[in-house]
Every structure is written in C-alpha cells, then in structure tokens.
Amino acid sequence: MSMFGRGPSQPSGAVNPERMEMAIQELDMVTDIFNRLVSTCHAKCISTRYTEGDLNKGESVCIDRCVAKFFEANKKVGERLQSVGANASAATGAFGL
C-alpha cells in the first residue's frame with residue numbers, strides 16, 4: 001500500500017504503462033488539433049506570395065479570428081458529442097442493455 005493508502009506503491013521512478021499510453025494518446029490528439037488549426041488558418045489568411053517577413057495587420061487579424069472560431073467550433077462539437085454520449089448511455093441504462 002502506498003504512503004497515502006491508495007493501492008500498492010510503485011518503486012521510485014517506475015513508469016505506469018497505462019498512464020504513459022494515455023499521455024501519448026493525448027499528445028497525439030493535441031498535435032493533430034494544432035496541425036489542423038495551423039493548416040486551416042494558414043490557407044485561409046496568409047497569401048502564398050510571401051512579400052514580407054512578418055504578418056501584416058490584415059493577416060494578423062484574420063489569424064486571430066480564425067483561431068478563435070476554430071476553438072469555438074471545436075468546443076461546441078465536443079459539448080455536443082458529450083451530450084449525445086450521455087443521452088446514449090442514459091437510454092442504454094434505462095433499457096437495461
């Protein structure tokens with residue numbers, strides 16, 4: 001038992017493979033979202049002709065709005081998926097399946 005009474009203690013420095021796999025999956029998801037965000041907003045807001053080293057004001061505003069819309073849409077989709085999942089589990093529980 002661990003020092004805090006929460007199951008068996010692991011040797012110092014031991015890595016829990018299950019937690020490591022979860023961390024890898026989460027990192028993959030975050031990387032995927034970042035890559036989709038960059039490619040979407042870059043294609044929408046930045047000209048393929050690079051005339052300046054820095055973003056101009058129009059590009060900066062477009063990027064800012066694009067990122068905000070991307071995250072808002074991502075949030076709404078996540079909330080909708082959670083509610084659909086909750087409704088499905090409640091319906092399954094009600095029918096005893």
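In this structure, Cys45 and Cys62 have their SG atoms less than 2.5 Å from one another.
Of all heavy-atom pairs spanning Ser60 and Leu55, the tightest one is OG-CB, 3.6 Å. Across Glu59 and Asp54, no two heavy atoms sit closer than the pair OE1-O, 4.3 Å.
With sequence neighbours excluded, no residue satisfies side-chain hydrogen bond (donor to acceptor under 3.5 Å, both in side chains) with Asn35. Arg65 meets the side-chain hydrogen bond (donor to acceptor under 3.5 Å, both in side chains) test with no other residue; sequence neighbours excluded.
With hydrogens and angles ignored, the 3.5 Å screen pairs a side-chain donor or acceptor of Asn87 with a backbone N or O of Ser83. Distance alone, capped at 3.5 Å, is enough to place a donor-acceptor pair between the Ser89 side chain and the Ala86 backbone.
With values rounded to the nearest 0.5 angstrom, Asp28 atom CG is found 8.5 Å from Asp32 atom CG. Here CZ of Arg36 is found 5.5 Å from CD1 of Ile33. Values are rounded to the nearest 0.5 Å. Interatomic distance, NE2 of His42 versus OG of Ser39, reported as 10.0 Å (0.5 Å rounding). Put simply, CE on Met22 and CG on Asn16 are 9.0 Å apart, with the number rounded to the nearest 0.5 Å. To the nearest 0.5 Å, atom CD1 of residue Ile46 and atom CD1 of residue Ile63 are 4.0 Å apart.
There is a path of hydrophobic side-chain contacts, each under 4.5 Å, that joins Ile24 to Val15.
Atom CD of Glu26 has 12 or fewer neighbouring heavy atoms from other residues, nucleotides or ligands inside a 6.0 Å radius. In this structure, Glu79 places its CD atom where more than 12 heavy-atom neighbours from other residues, nucleotides or ligands lie under 6.0 Å away.
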